[in-house]
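Let me begin by presenting the structure, written as structure tokens, before commenting on it.
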Amino acid sequence: MTMTQSVQQKDSSTASYTCFCRACAYREEDDRFRGADNMAAIFLPEGAKGVLGVPSQRKLIIKERIPLGIYEYFMARTELLDSVFLDALKNKFDQIVLLGAGYDTRALRFHGHNQGTKIFELDITPTQQLKLDIIDREQIALPKELIFIPIDFNRQSLPEVLSAVGYEKNQKNLFLWEGVTMYLTQEAVDNPCRR
Ligand SMILES: C[S@@+](CC[C@H](N)C(=O)[O-])C[C@H]1O[C@@H](n2cnc3c(N)ncnc32)[C@H](O)[C@@H]1O
């Protein structure tokens, strides 16, 4: 099985991995290092959720299973992009596009600041469907501005997929492509607008 096929057929383990780190960061005892993602935990498998409540186990996993510096890098990245996302909402951007959104919770967490910005979440079908199933199971209300679009960046043209769901170019738009490009072909990264 090729890497592209395996990505398509299964929900993303790397999305769970970053989500786990955000859920751990939310539980940091030292408030200087505490992350803001209070929703990450709901998207984790039961086993991972169990570990979250035990500080010694969280620390052990971060130390032994996550390469040195990666947890801290994820936390810095989340905090920075949280502020970029929030600024876009406060400045009434027309649209925000999350490319390879995984278990990104910004559209839900910052919903109270949204004054009409449309948010498009793009990801492969299995990851996106699992996220939607969990949102449904947890009875979380989906903001009306939030639109989920399945895509395979390796095979599909980004402008074509976006225009089919009402995305308008030439507006005030923010694109976030967080932790995704390393899983794609070079062609998909260099030229996402190809046909
Ligand atoms: C490391 S996760 C990052 C998720 C999220 N942006 C974050 O930072 O937590 C990589 C994401 O890219 C998505 N992805 C990987 N290959 C893809 C492809 N060919 N087309 C669309 N999405 C893809 C995965 O499903 C996953 O959600």
Side-chain angles (χ1 to χ4, degrees), residues 1-27 35-45 48-49 52 61-62 65-67 69-86 88 95-110 119-135 146-162 164-165 167 174-195:
M1 184 182 283
T2 66
M3 191 150 151
T4 309
Q5 283 169 326
S6 65
V7 157
Q8 270 302 294
Q9 288 164 8
K10 208 181 157 319
D11 55 279
S12 167
S13 57
T14 63
S16 284
Y17 184 82
T18 51
C19 187
F20 177 75
C21 289
R22 289 195 293 270
C24 287
Y26 180 67
R27 288 157 180 78
D37 194 343
N38 60 343
M39 298 187 78
I42 66 166
F43 295 102
L44 295 175
K49 276 184 195 160
L52 285 179
I61 289 181
I62 291 167
R65 304 233 194 121
I66 299 177
I70 292 292
Y71 174 73
E72 292 75 10
Y73 159 66
F74 285 158
M75 292 316 98
R77 178 173 107 181
T78 301
E79 189 170 335
L80 173 71
L81 296 182
D82 272 7
S83 72
V84 171
F85 187 99
L86 207 42
Q95 301 166 119
I96 298 177
V97 183
L98 301 175
L99 301 171
Y103 305 112
D104 188 315
T105 59
R106 294 182 179 110
L108 303 171
R109 281 190 288 130
F110 299 134
I119 301 171
F120 298 91
E121 288 203 11
L122 279 69
D123 211 311
I124 51 167
T125 301
T127 306
Q128 192 162 82
Q129 193 52 55
L130 181 59
K131 184 176 190 176
L132 283 165
D133 290 347
I134 293 170
I135 287 173
L146 181 55
I147 299 155
F148 288 87
I149 311 146
I151 190 170
D152 181 346
F153 295 123
N154 286 333
R155 296 167 195 262
Q156 290 174 281
S157 155
L158 185 57
E160 279 177 17
V161 170
L162 280 177
V165 292
Y167 167 84
L174 169 71
F175 281 75
L176 295 185
W177 205 355
E178 181 184 5
V180 181
T181 52
M182 60 286 248
Y183 304 108
L184 306 181
T185 62
Q186 185 163 350
E187 170 71 355
V189 177
D190 289 344
N191 187 12
C193 301
R194 71 203 182 287
R195 289 174 177 273

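Nothing here was measured: the structure is a model prediction, and the numbers come from that model. First listed ligand is number 1; within each ligand, the first listed atom is number 1.
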Atoms in ligand 1 flagged as close to [X], the criterion being non-hydrogen separation under 4.0 Å:
X: Ser12; answer: 24 (C), 25 (O), 26 (C)
X: Gly179; answer: 1 (C), 2 (S), 3 (C), 10 (C)
X: Arg22; answer: 7 (C), 8 (O), 9 (O)
X: Thr127; answer: 25 (O), 27 (O)
X: Ala101; answer: 4 (C), 5 (C), 6 (N)
X: Val180; answer: 12 (O)
X: Gly102; answer: 4 (C), 27 (O)
X: Ile151; answer: 20 (N), 21 (C)

For ligand 1, is there an atom lying under 4.0 Å from some heavy atom of [X]?
X: Arg155; result: no
X: Gln128; result: no
X: Asp104; result: no

Give the contacting part of [X] toward ligand 1: side chain, backbone, both or neither, where contact means a heavy-atom distance below 4.0 Å.
X: Ala188; result: neither
X: Thr14; result: both
X: Thr18; result: side chain
X: Leu184; result: side chain

**Q.** Salt-bridge present (Lys131, Asp104; N to O < 4.0 Å)
**A.** no
Q. Does a sphere of radius 6.0 Å around OH in Tyr26 hold more than 12 heavy atoms from other residues, nucleotides or ligands, not counting ones at 6.0 Å or beyond?
A. no
Q) Nearest heavy-atom pair of Cys193 and Pro159: which atoms, and what distance? A) CA-CD, 3.5 Å
Q | Criterion side-chain contact (heavy atoms from CB on, under 4.5 Å) on Leu99 and Phe175, from CA distance to verdict | A | CA-CA 7 Å; Leu99 301 171; Phe175 281 75; 4.0 Å; yes
**Q.** Check: Gly100 N/O within less than 3.5 Å of ligand 1 N/O
**A.** yes
(Q) With nothing but distance in play, are any N or O atoms of Arg77 less than 3.5 Å from an N or O of ligand 1? (A) yes
**Q.** Any donor-acceptor pair under 3.5 Å from Ser157 side chain to Arg194 backbone
**A.** yes
Q: Assign the ring pair Tyr103 / Phe43 to parallel, tilted or perpendicular, where the plane angle (0 to 90°) is split at 30° and 60°.
A: parallel
Q.
Out of Phe153, Trp177, Phe43, who is nearest to atom 21 (C) of ligand 1 when you count heavy atoms only?
A. Phe153
Q: Enter the distance from Arg22:CZ to Thr105:OG1 here, rounded to the nearest 0.5 Å.
A: 6.5 Å
Q. Does the side chain of Ile119 come within less than 4.5 Å of Arg106's, by heavy atoms?
A. no
Q: Could you tell me whether the side chain of Val97 reaches within less than 4.5 Å of the side chain of Leu162, counting heavy atoms only?
A: yes
Q | Polar side chain donor-acceptor pair, Thr127 to Asp11, under 3.5 angstrom | A | no
Q. Glu79: what forms a side chain to side chain donor-acceptor pair (under 3.5 Å) with it, not counting sequence neighbours?
A. none
